[in-house]
Novice: 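Sending over a structure as structure tokens; questions will come in a sec.
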2 protein chains.
Amino acid sequence: MLTISMLVNDPRNLPASVETSVKDNNDMPGHLARRFQQIAVAVFLAEVEDAGFDLTPVQYAALATIKANPGLDQVTLAGLIAYDRTTITGVIDRLVQKGLAERRPSSRDRRARELQITDEGRRTLRKITPAVESAQRIMLGGLSAKEGEELMRLLRKAIAAGNELSRAPQRDAQI
Amino acid sequence: MLTISMLVNDPRNLPASVETSVKDNNDMPGHLARRFQQIAVAVFLAEVEDAGFDLTPVQYAALATIKANPGLDQVTLAGLIAYDRTTITGVIDRLVQKGLAERRPSSRDRRARELQITDEGRRTLRKITPAVESAQRIMLGGLSAKEGEELMRLLRKAIAAGNELSRAPQRDAQI
DNA sequence: TACTGATAGTCAGCATACTGAGCAATATCC
DNA sequence: GGATATTGCTCAGTATGCTGACTATCAGTA
């Protein structure tokens, strides 16, 4: 199939005066990162909806982290899953509104809110797990198991090196 | 440093009754995809701002694609860079508002808008290129050149397999 | 040519994500 | 103890990104 992009990407089809400094999108790690994430989110939402639930990737990550760290505050949660704290405010709003989590004032620090998962949240998390795992498999569907592992290794390595470059770096919770 | 996440992630520290079905975030390709993209966007914006410009990743991709395919319509643009057409509407609005692109009714199809880059847009693209290329290098900074290539190869492969799974798949322009 | 379906673009609505600012409370330092 | 800095959270504002719906137009066909 002959396409415009084949024409413009082939130097022989361009007059000498046309600048070709703009690289192909597929050579840009930033573009590939966005595309992969775009697909990952779509797959996640589709699998979760098929399972009969209405939960976004962030909401899932937040809920799972609250369950694993009962009583943690919002800033700690944000650090554990590497989201900006201003984003987390809205995410928690929606988890609370759906009855999956609770937000109550901390007794030790009156600025902080302690987060707890509800029974309903625990039930949702348990029932949604197969869909989440299925989504993770599907988004690596084009790769062999070995390639999938290697992709994840390289992503982890690049992320570790760039962790401090975003406003919401990953932070382990301090004891 | 002892951290809460070390505790909760170590099965020896958990009573037998605690379910550990929720995998670590770092084993989830979806989470890694979001983190890498988050860093990529932050690096892009920082480099571009350092160079004295105010352009987002989408705006850059759209502008570069308009320059390479003068007169294309919005749906074709959306397909080339794999964005939803409803997103592109707003992106073009802002490019036009900044004086970097023009949107005029198509003579062949009265539903469509033909997109053109302005001289100012061309100038901006030319001057911004070093910052964009620098950003691409920085976001792979933790990897060797070989690893960077391999990461991009694996991303391309996974994306190609999942292309149809998002609402905005990549589409080549038809002649 | 009239009908039917598909397509280009926009809009309303929702949920991320970010910047920057602000308030209240805590921690630190003198 | 009191001034200062820091921290937890929220809010306003902006830009993606998506779903679903709508209008205007085009294309194919009976």
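What's counted below: heavy atoms across the whole structure, side chains too, no hydrogens, waters or symmetry copies. The sequence lines fix the lettering, A, B, ..., with proteins before strands; numbering per chain opens at 1.
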Novice: In plain terms, say whether B:E149 and B:K146 are close enough for a salt bridge, that is, a side-chain N and a carboxylate O under 4.0 Å apart.
Specialist: no
Novice: B:D109 side chain: which of D:dG17, D:dT25, D:dT10 is closest?
Specialist: D:dT25
Novice: Could you tell me whether A:R110 contacts a base, only the sugar-phosphate backbone, or nothing, with contacts defined as non-hydrogen atoms closer than 4.0 Å?
Specialist: sugar-phosphate
Novice: Please say whether more than 12 non-hydrogen atoms of neighbouring residues, nucleotides or ligands are located less than 6.0 Å from CD in B:Q116.
Specialist: yes
Novice: Return all side-chain donor-acceptor pairs below 3.5 angstrom for residues 37-47 of chain A, not counting sequence neighbours, or 'none' if the list is empty.
Specialist:
from	atom 1	to	atom 2	distance (Å)
A:Q38	OE1	A:R35	NH1	2.6
A:Q38	NE2	B:A82	O	3.0
A:E47	OE1	A:S134	OG	2.7

Novice: Measure from CG on A:L80 to P on D:dG8 and round the result to the nearest Å.
Specialist: 13 Å
Novice: Are B:D73 and B:T76 close enough that a side-chain donor and a side-chain acceptor fall under 3.5 Å?
Specialist: yes
Novice: Just checking A:T86: base, sugar-phosphate only, or nothing, at a heavy-atom cut-off of under 4.0 Å?
Specialist: base
Novice: Considering just the side-chain nitrogens and oxygens of A:Q38, establish if one lies under 4.0 Å of OP1 or OP2 belonging to D:dC18.
Specialist: yes
Novice: Are A:R113 and D:dT10 close enough that a side-chain N or O sits under 4.0 Å from OP1 or OP2?
Specialist: yes
Novice: Is it true that B:R171 and B:E164 make a salt bridge, defined as a side-chain N closer than 4.0 Å to a carboxylate O?
Specialist: yes
Novice: Among residues 49-57 of chain A, which residues get a heavy atom nearer than 4.0 Å to DNA chain C?
Specialist: A:T56
Novice: By nearest nucleotide on DNA chain C, pick out whichever of A:S107 and A:G90 is the more 5' one.
Specialist: A:G90
Novice: Can you tell me if the side-chain N/O atoms of B:R94 get under 4.0 Å from OP1 or OP2 in D:dT16?
Specialist: yes
Novice: Looking across every strand, which nucleic acid part, if any, lies under 4.0 Å from B:D84 by heavy atom: base, sugar-phosphate, or nothing?
Specialist: base
Novice: Under 4.0 Å from any heavy atom of chain A: name the first and the last nucleotide of DNA chain C that qualifies, 5' to 3'.
Specialist: C:dA15 to C:dT26
Novice: Given A:E150 and A:R153, is the salt bridge (Lys or Arg N to Asp or Glu O under 4.0 Å) satisfied, shown in steps?
Specialist: CA-CA 5 Å; A:E150 179 66 1; A:R153 183 185 76 82; 3.0 Å; yes
Novice: How do A:R34 and A:R103 order along DNA chain D: which one's closest nucleotide is nearer the 5' end?
Specialist: A:R103
Novice: Considering every strand and a 4.0 Å limit on heavy-atom distances, what is the contact class for B:V91: base, sugar-phosphate, or nothing?
Specialist: sugar-phosphate
Novice: Do any side-chain nitrogens or oxygens of B:Q37 fall under 4.0 Å of OP1 or OP2 in D:dT16?
Specialist: no
Novice: Would you mind reporting whether B:Y60 and B:V48 have side-chain heavy atoms less than 4.5 Å apart?
Specialist: no
